[in-house]
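Following: one structure in structure tokens, then a few remarks.
One-based numbering along the sequence shown.
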Amino acid sequence: MGSTMHILPFRVAILPMVFRRCRKSNVGADGKQPYPPNHGICFEFIKLVCKGMVAILLPIVLFILEFGMIRIFKYVRNGKKKEKTEKVDKKETPILLAAKNGITEMVKEILRRFPVAVQDMNSEHKNIVLLVVENRQPHIYELLLNQKIQKDTVFRIVDEEGNSLHLAAMFGDNLPWHILGVALQMQWEIKWFDYVKSSMPINFFPHFNNNNQTPKEVFNESHKELLEKGGK
């Protein structure tokens, strides 16, 4: 009963507002109402409910992304089904998780509301650009290129091992695309590496990592097995 009494004033307050908005919007160019006023009230009420649902669900989704501790990945690689458990970095903020998983709309919304989030880093000193490059997310990388941000402070960041463009050269399990055939897979790997490399001026990315390796050397080393399979 107590909760009903709290909700009642809200209903009493919001319905006249909805009714007034409907009366204004339910008038055509000829001054006539195209549909009954009670229909307009329903339409306007549905709009308000939808907006409320978006406002409620977005924080919940961000909470799940930020505080989820364990994710189970099932994927198929080289014809064998594998399963692995990966611990989520506690320092990975919602925008970092959304970026590495390719959720473009969420990245857009977070950057729109909190532009400073582009500076977030995880425990491996990887920011949004490095995670996008590592996890092969071309749509989000292009989004970041078109953002009005200082490229030097965001795109020149290196991780704790001194990697930058080197992450685009590494062949690992972070592949959002599943391509049949070694030749096609190698072709896409080369295209991704060249795309990231050509997105910035020459010598923009740091040349050597902490292991004194260039991105090209990392590419050749990490793709050695893939090349051998393609030669068979």
Side-chain angles (χ1 to χ4, degrees), residues 62 65-66 68-69 71 73 84 86-104 106-108 110-112 114-177 185-227:
L62 295 178
L65 285 173
E66 184 174 4
M69 292 304 297
R71 293 177 297 167
F73 291 94
K84 74 174 183 177
E86 180 180 307
K87 290 185 178 180
V88 177
D89 190 341
K90 292 182 180 180
K91 290 188 177 181
E92 281 193 339
T93 57
I95 192 171
L96 297 181
L97 286 169
K100 69 185 290 186
N101 288 288
I103 310 176
T104 308
M106 183 167 290
V107 173
K108 283 183 180 179
I110 295 175
L111 288 177
R112 186 182 69 83
F114 311 104
V116 72
V118 77
Q119 304 290 344
D120 289 357
M121 294 184 189
N122 65 8
S123 60
E124 296 178 341
H125 204 263
K126 293 177 180 177
N127 67 351
I128 184 172
V129 173
L130 294 180
L131 288 173
V132 166
V133 169
E134 181 182 31
N135 290 276
R136 273 75 169 158
Q137 300 294 348
H139 297 295
I140 298 182
Y141 190 80
E142 186 175 356
L143 170 67
L144 295 173
L145 287 175
N146 295 326
Q147 288 288 313
K148 294 181 179 179
I149 54 178
Q150 292 184 353
K151 300 295 190 296
D152 288 345
T153 60
V154 178
F155 283 80
R156 284 182 61 87
I157 294 292
V158 297
D159 66 9
E160 62 183 6
E161 296 180 357
N163 295 312
S164 56
L165 180 60
H166 306 77
L167 295 175
M170 293 180 182
F171 182 71
D173 298 330
N174 305 316
L175 303 177
W177 49 69
Q185 181 68 67
M186 190 65 187
Q187 182 181 357
W188 275 107
E189 286 292 301
I190 294 173
K191 283 187 175 182
W192 176 245
F193 177 74
D194 289 341
Y195 171 69
V196 176
K197 182 180 179 180
S198 62
S199 66
M200 290 294 157
I202 298 175
N203 298 325
F204 178 86
F205 295 106
H207 201 53
F208 295 97
N209 61 11
N210 294 352
N211 295 324
N212 204 32
Q213 289 180 305
T214 65
K216 189 64 176 180
E217 290 173 341
V218 172
F219 186 93
N220 292 336
E221 181 180 330
S222 63
H223 290 81
K224 184 177 180 181
E225 184 178 348
L226 191 64
L227 283 171

Does Q137 reach the main-chain N or O of V132 with its side chain, forming a donor-acceptor pair under 3.5 Å? no
Contact check, side chains of S199 and L145, non-hydrogen atoms, under 4.5 Å: yes
Are the side chain of N127 and the backbone N or O of L130 linked by a donor-acceptor pair below 3.5 Å? yes
Reported CE-to-CD1 distance for the pair M200 and I202, which is rounded to 0.5 angstrom: 13.5 Å
Centroid separation under 6.0 Å, is that true for the rings of Y195 and Y141? yes
L111 vs L144 side-chain heavy atoms within contact, under 4.5 Å: yes
Indicate the atoms forming the closest heavy-atom contact of I128 with A99, along with that distance. CG1-CB, 3.6 Å
Sequence neighbours excluded, every pair satisfying side chain to side chain donor-acceptor pair (under 3.5 Å) that has a member inside residues 201-213: N163-N209, Q213-E221
Got more than 12 heavy atoms from elsewhere within 6.0 Å of NZ, K197? no
Shortest non-hydrogen contact from A169 to P215? CB-O, 3.3 Å
Euclidean distance, F193 CZ relative to H223 NE2, rounded to 0.5 Å: 9.5 Å
Is K100 paired with E92 through a side-chain N to carboxylate O contact shorter than 4.0 Å? yes
Closest approach of A117 to I95 (non-hydrogen atoms, all atoms of both residues): O-CG2, 3.7 Å
Give, for atom CD1 of I103 and atom NE2 of H139, the distance between the pair rounded to the nearest 0.5 Å. 14.0 Å
Do side-chain atoms of R112 reach the backbone of V107 as a donor and acceptor pair under 3.5 angstrom? no
Heavy-atom closest pair, residues R156 and P206: O-CG, 4.2 Å
Steps toward side chain to side chain contact (heavy atoms under 4.5 Å, CB included) verdict (F219, I190): CA-CA 9 Å; F219 186 93; I190 294 173; 3.7 Å; yes
State which residue, out of N101, N122, D120, L97, fulfils the side-chain contact (heavy atoms from CB on, under 4.5 Å) condition with L131. N122
Side chains of D152 and Q150 in contact at under 4.5 Å (non-hydrogen atoms): no
Are any non-hydrogen side-chain atoms of V118 and Q147 less than 4.5 angstrom apart? no
Would you mind reporting whether Q185 and F171 have side-chain heavy atoms less than 4.5 Å apart? yes
Backbone N/O of V158 and side chain of H125: donor-acceptor pair under 3.5 Å: yes
Minimum side-chain heavy-atom gap F204-L165 below 4.5 Å: no
Please check if the side chain of W192 supplies one atom and the backbone of V133 the other of a donor-acceptor pair under 3.5 Å. yes
For the backbone of E134 and the side chain of R136, can you confirm whether one donor and one acceptor N or O come within less than 3.5 Å of each other? yes
Beyond-backbone contact of K126 with M121, side-chain heavy atoms, under 4.5 angstrom: no
